[in-house]
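Taking it in order: structure first as structure tokens, then the write-up.
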Amino acid sequence: MRLLVKRSSEQVKGQIAVPTSKYHAHRALILASLAPGTSRIVGLSNAQHIRHTITALRGLGTRIEVDGDDFLVHGGPYRPLRSQVSVGGAGTALYFLTGLASLASSPVTVVGPKSFPRRLIGPQLQALSDLGIDLDSPTGGPPISVRPRRPKGGHARIEGILSQWISGLLMVAPFATGPSAITVEGEFNERTYVDLTVRMMRRFGLRVDVSANGRRFDIEPGQCPTPATVVLPPDVGAAAFGLAATALHPADVLFRGLPALPTDQLDHPEADLLDIVAGMGLPMTADPATGMVRVRHDGIRLRPARIDCRAVPDTLPALSVLGALADGTTVLDNVAHVRLKESDRVEAMLQLTRMGARIEQRGQRLLCHGVERLTGAELSSFNDHRVLMSLAVAGTAADGETRLTYPNAYRGSYPRFLEEMNGIGLNMSVEREREREREREPERTPDRSSTRASAPALAAPAN
């Protein structure tokens with residue numbers, strides 16, 4: 001199958017419903033699972049990665065229910081239902097739950113799909129061992145065998161390459177039998193993600209002391225989290241694709257759920273994205289009736305920008321698309337760690353050159369020399385949700401047709417992506433393999449049904 005994207009020349013118009021933040025959902029669900037009692041997570045997320053986290057928590061014995069538009073999490077000690085707990089394709093669940101599996105009442109093996117061996121988790125496993133967690137991983141990744149024993153605490157040092165390593169250590173440290181100190185060494189990427197983890201821990205009554213330079217975390221032993229009610233905010237990272245689409249086409253689009261607030265008032269680790277796209281010339285105003293972000297213009301040529309990707313790594317794919325069509329050279333700095341995500345996202349976005357873009361990598365920089373037009377091409381999404389959605393948006397501004405592999409990858413973080421994009425007038429559809437076969441065999445009666453794919457309805461995960 002392929003995702004087929006055709007050029008859109010008309011104004012994009014209507015509304016985009018911004019989903020709730022999966023960054024917050026992962027952390028809130030996991031911390032709620034550890035808090036004896038009932039927590040309420042307000043705002044469902046149907047993202048596949050969140051569903052993987054819920055499945056893993058249920059495998060550890062946590063009862064999670066759906067109550068209207070909320071999750072009810074009945075937390076307490078982990079009593080695994082089986083010896084293996086799968087985190088599916090959710091990298092965040094892998095990094096966060098591996099250490100916490102040591103709190104279970106019986107041994108647990110954390111497993112994932114075959115693609116997970118490329119996940120760089122070895123340094124985190126060493127740091128977890130330094131805190132006294134009894135684990136074993138012959139391959140340096142899943143499967144990871146974790147035996148029941150609370151961490152003893154101590155001093156763990158970890159490179160600041162990926163924030164999930166640090167967050168995973170922070171989440172398990174309060175349950176140690178002795179005090180813990182976690183020190184971040186080297187370059188510290190994604191600080192805002194770690195800040196979110198600390199804030200969320202404090203919401204559940206867990207105490208973390210952070211040094212003045214933000215590199216050392218001291219955690220008291222023997223803590224017990226308390227239940228909480230957490231309202232999930234809008235996901236700025238998901239809004240990035242709608243914002244990119246409205247930047248590339250004349251637009252009149254309301255971003256429902258995304259309040260028009262100063263960046264420092266938005267509770268999201270990638271809130272800086274809004275300042276970045278505004279600086280590139282995207283006109284965003286507060287809709288008078290709703291107070292939400294509205295983008296309205298008759299066509300613009302974006303200005304180039306210089307962006308530090310240590311702060312907004314997950315938006316690199318969308319920003320590289322905007323840079324490819326800006327009036328000048330956009331510089332994306334400090335991109336090395338972005339190569340360690342679901343795919344090598346730097347290499348993946350260099351595919352824009354097949355569409356006529358002028359993009360090059362120089363060391364830790366990605367240089368996007370803006371061009372006026374793109375041309376459709378055959379591209380790979382590498383089964384990476386952000387790569388797929390970003391290249392699809394690029395395809396709407398490219399002459400001809402763009403075809404992308406793994407057309408359903410968007411479901412990992414943004415299940416309604418196709419519906420929302422088509423709803424504002426873009427042209428994206430999923431080509432079914434059987435329809436391709438019919439095209440190769442013209443003697444058959446052609447299938448006259450529409451090939452446009454319906455996005456999955458927002459449904460609650462099964463109990």
Side-chain angles (χ1 to χ4, degrees), residues 5 7-8 187 189-190 192 236-237 239-251 263 270-284 295 297-341 343-377 379-382 384 386-400 402:
V5 184
R7 182 178 180 84
S8 300
E187 193 153 320
N189 299 317
E190 307 171 348
T192 54
V236 176
F241 309 104
L243 292 170
T246 59
L248 301 184
H249 304 279
T263 297
E270 294 179 330
D272 285 350
L273 172 72
L274 299 179
D275 287 340
I276 292 169
V277 295
M280 295 182 78
L282 183 65
M284 294 180 290
V295 175
H297 63 86
D298 295 325
I300 54 174
R301 185 79 191 277
L302 294 168
R303 295 187 289 269
R306 184 159 195 161
I307 302 155
D308 186 348
C309 289
R310 287 177 299 188
V312 287
D314 285 349
T315 64
L316 177 143
L319 289 170
S320 61
V321 170
L322 297 183
L325 288 164
D327 186 16
T329 297
T330 293
V331 181
L332 303 178
D333 278 322
N334 299 307
V335 302
H337 69 292
V338 188
R339 309 190 72 158
L340 305 175
K341 301 292 183 175
S343 71
D344 179 340
R345 287 177 174 164
V346 174
E347 186 69 26
M349 297 315 297
L350 285 170
Q351 291 181 102
L352 286 166
T353 58
R354 300 184 193 175
M355 304 178 77
R358 295 177 56 231
I359 297 182
E360 58 178 327
Q361 182 190 359
R362 291 185 186 174
Q364 286 207 43
R365 289 179 179 171
L366 194 62
L367 304 180
C368 307
H369 310 288
V371 298
E372 292 190 4
R373 297 183 75 85
L374 298 175
T375 303
L379 305 172
S380 175
S381 75
F382 298 96
D384 184 324
R386 297 189 192 279
V387 169
L388 176 76
M389 292 186 282
S390 298
L391 291 176
V393 170
T396 68
D399 295 332
T402 297

Using modelled atom types and a 3.5 Å cut-off, is there a donor and acceptor pairing between side-chain atoms of [X] and backbone atoms of [Y]?
X	Y	result
His249	Ser8	yes
Arg7	Thr375	no
His297	Thr246	yes
Asp327	Arg301	no
Arg303	Gly279	yes
Arg373	Ala398	no
Glu270	Asp272	no

Rounded to the nearest 0.5 Å, what separation is found between the [atom1] atom of [X] and the [atom2] atom of [Y]?
X	Y	atom1	atom2	value
Thr330	Leu319	OG1	CG	8.5 Å
Met280	Leu302	CE	CG	5.0 Å
Leu322	Leu282	CG	CG	8.0 Å
Asp399	Met355	CG	CE	9.5 Å
Asp384	Ser390	CG	OG	8.5 Å
Ser380	Glu347	OG	CD	11.0 Å

Closest heavy-atom pair and its distance - [X], [Y]:
X	Y	result
Leu332	Cys309	CB-SG, 3.9 Å
Ser320	Leu352	O-CD1, 3.9 Å
Ala324	Ile359	CB-CD1, 4.2 Å
Ile300	Gly281	CD1-O, 3.6 Å
Leu273	Ala240	CD2-CB, 3.4 Å
Arg310	Pro313	O-CD, 3.9 Å

Answer yes or no: is there a side-chain heavy-atom contact under 4.5 Å between [X] and [Y]?
X	Y	value
Val338	Asn189	no
Ser381	Leu391	no
Phe382	Arg345	no
Leu248	Val321	yes

TODO: Test side-chain contact (heavy atoms from CB on, under 4.5 Å) on Leu316 and Lys341 and set out the steps.
DONE: CA-CA 11 Å; Leu316 177 143; Lys341 301 292 183 175; over 6 Å; no
Open item on the list: As a quick check of understanding, evaluate side-chain contact (heavy atoms from CB on, under 4.5 Å) for Thr315 and Val236, giving each step before the final call.
Closed with: CA-CA 9 Å; Thr315 64; Val236 176; over 6 Å; no
Please tabulate, one pair per line, all N/O donor-acceptor pairs under 3.5 Å involving side-chain atoms of residues 365-372, not counting sequence neighbours.
{"residue": "Arg365", "atom": "NE", "partner": "Asp333", "partner atom": "OD1", "Å": "2.9"}
{"residue": "His369", "atom": "ND1", "partner": "Thr329", "partner atom": "OG1", "Å": "2.9"}
{"residue": "His369", "atom": "NE2", "partner": "Glu360", "partner atom": "OE2", "Å": "2.8"}

- [ ] Evaluate the side-chain contact (heavy atoms from CB on, under 4.5 Å) criterion for residues His337 and Glu190: first the C-alpha distance (whole Å), next the side-chain angles of each, then the deciding distance (0.1 Å), finally the verdict.
- [x] CA-CA 10 Å; His337 69 292; Glu190 307 171 348; 3.3 Å; yes
